[in-house]
Every structure is written in C-alpha cells, then in structure tokens.
K.L.:
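Before we start, here is the structure in question, set down as structure tokens.
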Amino acid sequence: MCQVDEDGVDLLAAGDGSEKSLADRVCVKCGEQAVIHLRDEDVKCGKCLVASVNQKFRAVLTKFQLSRSKQTILVAFSGGQVSCALLEAVREATTIPNFSRLYSVLYIEEGICDGLTEEACQKKIRNIVGKCRYIFPEVPVLVSSLEMVFAEDSIPLSYIFPANSTDTAPLTGLTEFGARFKKLLASTKSPTAREELRKLLRNNLFRRIGHQQGLKTLFVGDCADRLAVQLITDTALGRGKHLPLELGYADTRDPDFTIVRPFKDVTMKEILMYNSLRLNENIGSHAEEPSSAKKMNSVYSFTETFINSLQKDFTQTVTTLCRTGDKLCATSTGQPPAKHSIEKSSGKLCSFCCGPMDTSEEDACTAENSIALSLRLSAALPNKTVKASVDLEDFASSKHSECGSANGDCAKANGEGCCTSKERKTPEKLLCYSCRWMLSEVGDQGLLPERLMQVNSQQVRRAEMRTSIQNFLLDDDV
Amino acid sequence: MPPRDIRVEFAGGVELLFDNQKQLDIPISKFHDPSHPAKENLTYTVRDLLQLLKDRYLKQRLELFLQGDNVKPGILVVINDCDWELMGGPDYELEPGDRVVFISTLHGG
C-alpha cells in the first residue's frame, strides 16, 4: 500500500531551508565532510561511499556463494559507467584474501546496429580493451560481436590474453552476418521492437558463449535506476511474468547459466561518484555515442526520461520502484531450478526468451482470452447481417480463427497457423506474449537466426508429439 | 590553469554537446555582461555558469543539457569532488579555481 513518507513531506515543506542545512551535513557513518547526497538524511563521504559500493558487491558474491568460486566468472563489459564500476569492484574483491581471482571480461560489439563501419568497430574494440586494461590489467578479455548470433555452430571469439600484448585477432565473418543483421533491424517496424530484439539476441549470445566456454555465471552492470525503468517498461510490454527474472539479483531461467546483477541496489549517482573517486571520471564516456534523437522514441527511453524527471523532485522514486520490484520477486522465487527443467521439457518456457510462459488456458476468463475473442468477433462480423445472432460460445471456442474462417478453412488446418497470423512458422502457443508481439513487428522473419527458429520448431514438434500421446502418459502426481 | 579561471569538465556523454571538448577553462571575466558594467564585482553562481555555457559554448541540443535555467534531470553536477546538492545547488557561488564537472547518467552500461 502506498504510504506517505512523513520525513519526505517535512523536507518538501521545508523548502529552501532544507537545501541550506545540507551544506552543513557530515557523513552519517564517520562524521567526515560529505561529498554525496543520496536521499533525505543520507549523506556520505568519499571513503564511505566507495566502501559501501564494494560491500554491496561482495554481499552479492557471498549470497550466491561465488566469493570462493573455483569456476571462472564472466563479467559483461560495455564500456559504460556501470560496467567500469563493476570491473573496478571485481578487481577490488580479488585483492581480498580468500576471494576468488578467476574472472574473464566479455565484450559484445554492437556497432553494426548503430551503422558503424568495420574499421570504426575495430577502433572501438581497441578502446574498450584499453579501458579494461586500465581498470584491471590482469583480466583476460573475450570479444565477440552481436551479429555472431547468426553463427550456426560455435561463436567466433577474439581472445585478448592478459599478458603485455594487446594484439587482437581480427574478428572473422563480420561482413557476412553484418549485412543480414542490418537487414533484420531495418525490417523491424518500431524502435521499441528493435531494442527488444537486440536485447533478446544479446542474451541469447551471452548464453551460447557461456555454454561454449563452459562458464556458468555472468555479471551484468544493471544498476537500481536502470532496473526501475525496466520495471515500468517490461510491464508496459507485457513481460509482467518475467519481472522476477528481469529485476532480481539473479536470472535463473537457464539452469546452466546464471546472470547475476551485483549492482542491483546501487544507484547511478553512487556509481558516478564511485567512478570519479576510484577511476578517471571520463572513463565511461563513449567516443561515438549515437545521437540521442535516435534513442528518444522507444518505450524504454520515454520511461527513462519520465523517471529521471520524477527522481529530481521526489528522490524516493527509484528506491520505491526497486522495493516494489523486490516484492514481485519474493512471490515468484523459491522455485528450485529442477522444476524449470521439467517445465522446459514439457514446453512451458518461451522458446525465444526462455522465460516462463504467460499464456492462459483456453477457457479461462483472462484479458488475453478476451482480446482473442474480440479479434475473432471483429473478423467474423462483416460476414453476418445486422440481425443475425452471434453465438458467443461458438466464437469463444477455437473453431473460429482470426481471419473469420470457421472450422480451420484457412491454412490453420495444415498446422501452419491462421493465414492472418503473423507467426506462420512459429505457432503462438510456444512464445510468450511479448515475444509474440516482437515477432509480429519483424517484417521478414526469415532473417531471424536459424538456430533460434530451430529451437522453436523442435519445441513445437515435441509439444505436438506430447499432445498425440497425452492419453498414454502418466501424470506427475501419480 | 590560471588561478582566476573556473575549470569546467564534461563526462559521460555531455562532451558531445560541446563539440567533444572534455574541459574548458573559463575566466571570471567572461561572466561579465558588457551592457551592465556596474555588476562587474558581483559573485557568480552556477546558474550564471549554465547561462554562459548555453550562450557561448553549447553547440547542439540545448534540451539535452538544460531544462529551464537548471540542468536536465539525469545530469549530475560535481563541484570540487562534491555533490552540488551539498553546496547549495544552482545558487552556489563560484570561486576562482573551482572545478565543476557535468556527468550524464543517461548513457550507462
């Protein structure tokens, strides 16, 4: 339930008086001169801020029993502010006795999405490797590029060894997949769908590289501000059921590869101050940042602007959103990984994003089924006269399809999906709601990576086989 | 840096709005408005600095740096390694030798 924070109201009412008193504040922990104002009474000095960020990072390592891991942990690095802070926190942790020193950095070059040439991409890669070397000289750096998600078998990687050499093996096959990837993005209708597609392919690439290298854990630089925006964006895009995975400390949808967010509770302001105190504050700058105009028209970017504006006047915004997100996680976690693998085998995970399926039973009274009923009614009504009665029960069943044809007159009978269905090759039942929406925004589905489509086809065949032998299967409860 | 100057630095992507310049040394004299010579000895605040940056140094996309007479939400201002909220915000009076850093939080990663 919403509750007015009395302290917050008092501060708002205080007006100018509260700003003057901030200048006199000292660090709440040690009494030294404060350098950062987080919210309300919370001010910290530089040393305490750095210690707090490092401690939050180590707390997550301990929570997931990664502090003494004998396995190498991958650290996703994009060159941005949060990635740099994450790498610095990783380096700091390795200086502590009994903490693991086994880390590798993974950088995925996405210049192809922003229209960069091959030379510009190579230059960017060298800059990124330079940054990694500056922060954590001994860490190996693995480099790949987003279009490699089209690779059928193994993902080509360019390894940079931690020794003094900074030579990179040139990335192979850039041009071959690059052109295809550009066409795929160009055929996608909306900027939101393009962003979602990039995110899906990036996560897919992370998982494949992790499996290929035999690594089980990936750290990503998601901070509290980013996750607050993600909460609203995912809800708007119909990913409500995936929120616990998208916002929690760990994304465990793949039992063999866990994505961990060590900076989940750290705000962007703390990250920036941390970087300016520990690293060169210019470290997170991108030389070729794409024009912000291109970023302004997706659901994520609008939400980000909205939340930043709110945060300025109401400093509790981000923390409240994150606490709300945590509550969503609490009701859904607790399912052991074993259950996920059972669900996977019975086709209850989306074959694109591997998230839990959120489709409803056909007879259930849900918003999704109501929309499906409306679609069928709207399609069929032009064929009927005004006075003809409409049998809702008839329409509620799946005899009628979206094109208005009854009893599978259209291609649905051939198992290809309704003729108006945009998911001809991939029946709707095996994709979650938002993946279905994203797929409908892709102009030419033939351009999607074959491997992704193959996984889906395999699950479709399994589901069909399961249906045909359903009567002979023993229930799990028996 | 000459002792009478204010050092202004840009980070996190803000420099792109200032023709890729990462730092500027602005003499106090630049704040003076020639049409009002009587105001020459007044102190100048961060608000005046923002106005000066907007008038003389900002090369593109004003709306990405300023909102009204204040910085756009999402841009952190650090004065002498300290959060500007602790120094009085836009009303902080600049002194020669101060170092003001504008960092954008919008280009994370």
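Atoms considered below: every heavy atom in the structure, side chains included; atoms not considered: hydrogens, waters and symmetry mates.
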K.L.:
Hey, does B/Ile103 have a side-chain heavy atom less than 4.5 Å from the side chain of A/Gln81?
P.N.:
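Counting from C-beta outward, A/Gln81 and B/Ile103 do come under 4.5 Å.
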K.L.:
Where do B/Leu86 and A/Ile36 come nearest, in terms of heavy atoms and distance?
P.N.:
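Scanning both residues, the minimum pair turns out to be CD1-N, 3.4 Å.
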K.L.:
Just by modelled atom types, is the A/His37 backbone N or O under 3.5 Å from a matching donor or acceptor in the B/Asp83 side chain?
P.N.:
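Pair found, side chain donor or acceptor close to backbone of A/His37.
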K.L.:
Crowded around B/Gln60 CD? As in, over 12 foreign heavy atoms under 6.0 Å?
P.N.:
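More than 12 heavy atoms, drawn from other residues, nucleotides or ligands, come within 6.0 Å of this atom.
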K.L.:
Taking all non-hydrogen atoms of both residues, which atom of A/Asn308 and which atom of B/Pro73 are closest, and how far apart?
P.N.:
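Closest pair (atom of A/Asn308, atom of B/Pro73, distance): O-CB, 3.4 Å.
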K.L.:
Run the side-chain donor-acceptor check on residues 48-55 of chain B: report pairs under 3.5 Å with partners two or more places apart or on a different chain.
P.N.:
residue	atom	partner	partner atom	Å
B/Asp48	OD2	B/Thr45	N	3.0
B/Asp48	OD2	B/Thr45	OG1	3.4

K.L.:
For A/Glu32, does the CD atom have more than 12 heavy-atom neighbours from other residues, nucleotides or ligands under 6.0 Å away?
P.N.:
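Count not over threshold, so no.
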K.L.:
For B/Lys72 and A/Thr305, run side-chain contact (heavy atoms from CB on, under 4.5 Å): C-alpha distance rounded to whole Å, both residues' side-chain angles, the deciding distance at 0.1 Å, then the answer.
P.N.:
CA-CA 10 Å; B/Lys72 188 180 153 82; A/Thr305 309; 4.2 Å; yes
K.L.:
Can you tell if the side chain of B/Asn70 reaches within under 4.5 Å of the side chain of A/Lys312, non-hydrogen atoms only?
P.N.:
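A side-chain contact exists here, since the closest heavy-atom pair is under 4.5 Å.
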